[in-house]
Amino acid sequence: MSAPVFERVALIGLGLIASSMAHAMRRAGLAGEITGHARSAETRAVAREIGLVDRVCETAAEAAEGADLVVLCVPVGAMGAVAEEIAPVLAPGATVSDVGSVKKAVIEAVAPHIPEGVHFIPAHPLAGTEHSGPRSGFAELFDNRWCLIVPVENSDADATARLSRLWEGMGAHVDVMDAEHHDLVLAVTSHTPHLIAYTMVGVADDLRRVTDSEVIKYSAAGFRDFTRIAASDPTMWRDVFLTNKEATLEILGRFTEELFALQRAIRTGDGDHLHDYFTRTRAIRRGIIEAGQDTAAPDFGRGAARGEGRD
């Protein structure tokens with residue numbers, strides 16, 4: 001086990017990412033004490049029942065008091081209000097970070113509330129499943145995944161390096177990226193694909209000539225994968241699209257252009273165009289597998305990661 005990177009870590013919000021962080025930090029001995037808070041009394045009760053953290057607190061401020069790292073694990077639309085609540089109790093020299101999948105809007109919402117002498121270093125682990133809640137976390141979630149650190153202007157280099165050590169200790173690869181570029185990259189790799197998945201499931205729901213029972217019974221791999229993505233937390237994704245409008249709309253525009261080109265190829269019987277397009281895009285998929293960011297297994301390796309199917 002490593003020596004603790006932080007003596008006290010406060011997790012504000014106790015869903016998939018926070019609960020996985022708690023398990024991963026304990027696995028490697030990265031935190032002396034972990035406190036936690038969730039807005040829902042039911043979530044707090046579950047966290048206490050399963051012993052998710054060392055101390056479950058009734059308020060975000062109580063959890064953050066005395067912590068040398070506070071991680072905001074709430075939907076991005078709520079981060080500004082949480083930052084305002086915890087600001088009076090933040091210790092000088094402490095670090096405030098987050099796990100939101102949008103960065104520019106989070107920085108604009110949170111930075112004004114961070115007191116002088118406290119480090120604000122946004123971050124985003126590129127890991128997840130369709131599950132949510134304090135029972136959904138597992139220590140291996142971040143293994144061999146990327147965590148993007150997004151320093152703000154004048155971020156302290158030592159504090160940034162310390163946060164990077166924490167994420168590396170939890171199994172992640174770490175890279176540094178500026179906020180605007182982060183939001184564009186995530187619009188391509190995550191936000192727009194989720195929107196398309198929600199849309200495709202909505203189309204199936206609207207297409208009354210195909211019954212609900214047929215959609216469920218005959219779901220082939222493509223539609224099944226769409227429904228897995230579309231099962232993600234609706235509050236989180238609502239906030240993502242409202243706070244990353246520009247990049248998402250830009251990528252949606254590009255997607256629409258590509259879709260029109262494919263429609264034209266299908267309508268005109270242009271098999272060469274379709275074959276070339278699918279060949280090029282298949283190579284990207286192979287690259288993702290070769291980079292270790294997914295497996296060819298139909299469950300995306302998640303069952304294996306959790307130890308499911310083992311004795």
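Worth saying up front: this structure is predicted, and the values here are computed from it rather than measured.
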| message | For the CG atom of L184 and the CG atom of N244, what is their distance to the nearest 0.5 Å? | response | 8.5 Å
| field | Sub-4.5 Å side-chain heavy-atom contact between S20 and I17 | value | no
| query | Passes side chain to side chain donor-acceptor pair (under 3.5 Å), H191 versus S101? Steps please. | reply | CA-CA 9 Å; H191 302 167; S101 69; 3.3 Å; yes
| task | Evaluate the side-chain proximity of M25 to V5: yes if any heavy-atom separation is below 4.5 Å, no if none is. | result | no
| task | State, yes or no, whether a side-chain contact exists between T43 and R39 at a heavy-atom distance under 4.5 Å. | result | no
| Would you say the side-chain atoms of H37 pair up with the backbone N or O of C57, donor to acceptor, closer than 3.5 Å? | yes
| query | Same hydrophobic cluster for I12 and L14, using side-chain heavy-atom links shorter than 4.5 Å among ILVMFWY? | reply | no
| query | So, does R55 use its side chain to make a donor-acceptor pair with the main chain of E33 at under 3.5 Å? | reply | no
| said: Using side-chain contact (heavy atoms from CB on, under 4.5 Å), reason through V56 and V53 one step at a time and then give a plain yes or no. | reply: CA-CA 7 Å; V56 177; V53 295; 3.6 Å; yes
| query | Would you call D98 and K103 a side-chain contact if the rule is heavy atoms closer than 4.5 Å? | reply | yes
| task | Find out whether F6 and L30 are in side-chain contact, i.e. whether some heavy atom of one side chain is under 4.5 Å from a heavy atom of the other. | result | no
| said: For W237 and H194, take the angle between the two ring planes, folded into 0 to 90°, and tell me which bin it lands in: parallel under 30, tilted 30 to 60, perpendicular over 60. | reply: parallel
| request: Decide, yes or no, whether a salt bridge links D183 with K245 under the criterion of side-chain N to carboxylate O below 4.0 Å. | output: no
| task | Can you establish whether the number of heavy atoms outside E246 located under 6.0 Å from its atom CD is more than 12? | result | no
| How many angstroms lie between CZ in R267 and CZ in F260, if you round to the nearest 0.5 Å? | 9.5 Å
| remark: Distance col, row L141:CG vs S19:OG, nearest 0.5 angstrom, shows 8.5 Å
| remark: Correct closest heavy-atom pair for G80 and H113 would be O-CD2, 3.5 Å
| query | Quick one: does T192's side chain have a donor or acceptor within less than 3.5 Å of a partner on V188's backbone? | reply | no
| Backbone N/O of I121 and side chain of S97: donor-acceptor pair under 3.5 Å | yes
| said: As a test of understanding, state which of W167, W146, F142 forms a ring pair (Phe, Tyr, Trp, His ring centres under 6.0 Å) with H173. | reply: W146
| If you take all heavy atoms of G100 and V76, which pair is closest and at what distance? | CA-CG1, 3.8 Å
| Any salt bridge between R135 and E49, counting N to O under 4.0 Å? | yes
| message | Using every non-hydrogen atom in the two residues, find where D54 and R26 come nearest and quote the distance to one decimal. | response | OD1-NH2, 3.3 Å
| said: Do F223 and L259 land in one hydrophobic cluster if side-chain heavy atoms of ILVMFWY residues count as linked below 4.5 Å? | reply: yes
| query | G32 and P4: which non-hydrogen atoms are nearest, and at how many Å? | reply | N-CB, 3.9 Å
| Of all heavy-atom pairs between A22 and I34, which one has the smallest distance, and what is that distance? | O-CD1, 4.0 Å
| said: Any non-hydrogen side-chain atom of V174 less than 4.5 Å from a side-chain atom of I149? | reply: yes
| L163 CG to H119 NE2 distance, which is reported to the nearest 0.5 Å | 11.0 Å
| In Å and rounded to the nearest 0.5 Å, what is the CG to NE2 distance from L126 to H124? | 5.0 Å
| message | Testing the basics here: between S136 and H131, what is the closest heavy-atom pair and its distance to 0.1 Å? | response | CB-CB, 3.8 Å
| query | Do V82 and M79 have side-chain heavy atoms sitting under 4.5 Å apart? | reply | no
| query | Is there a path from L262 to F255 through hydrophobic residues (I, L, V, M, F, W, Y) whose side chains come within less than 4.5 Å of each other? | reply | no
| query | Roughly how far, to the nearest 0.5 Å, is the CG atom of D178 from the NE2 atom of H181? | reply | 7.0 Å
| request: Ignoring hydrogens and angles, tell me if any N or O in the side chain of D239 forms a donor-acceptor pair with the backbone of G77 under 3.5 Å. | output: yes
| query | When hydrophobic residues are tied together by side-chain contacts of less than 4.5 Å, even through go-betweens, does M236 share a cluster with V99? | reply | no
| For K104 and H182, what are the C-alpha separation, side-chain angles and deciding distance, and is it a side-chain contact (heavy atoms from CB on, under 4.5 Å)? | CA-CA 8 Å; K104 200 172 168 189; H182 168 279; over 6 Å; no
| Should L16 and T129 be marked as a side-chain contact (heavy atoms from CB on, under 4.5 Å) after you check the CA-CA gap, both sets of side-chain angles, and the distance that decides it? | CA-CA 8 Å; L16 169 69; T129 73; 3.7 Å; yes
Residues 64-73 side chain polar contacts: donor-acceptor under 3.5 Å, at least two apart:
{"unit_1": "D68", "atom_1": "OD1", "unit_2": "E7", "atom_2": "N", "d": "3.4"}
{"unit_1": "D68", "atom_1": "OD1", "unit_2": "R8", "atom_2": "N", "d": "2.9"}
{"unit_1": "D68", "atom_1": "OD2", "unit_2": "E7", "atom_2": "N", "d": "3.0"}
{"unit_1": "D68", "atom_1": "OD2", "unit_2": "R162", "atom_2": "NH2", "d": "3.2"}

| field | Sidechain N-carboxylate O distance under 4.0 Å for E58, R48 | value | yes
| request: May I ask you to test the V118-V96 pair for a side-chain heavy-atom distance under 4.5 Å? | output: yes
| request: Would you kindly confirm whether F138 and L166 end up in one hydrophobic cluster when ILVMFWY residues are joined by side chain heavy atoms under 4.5 Å apart? | output: yes
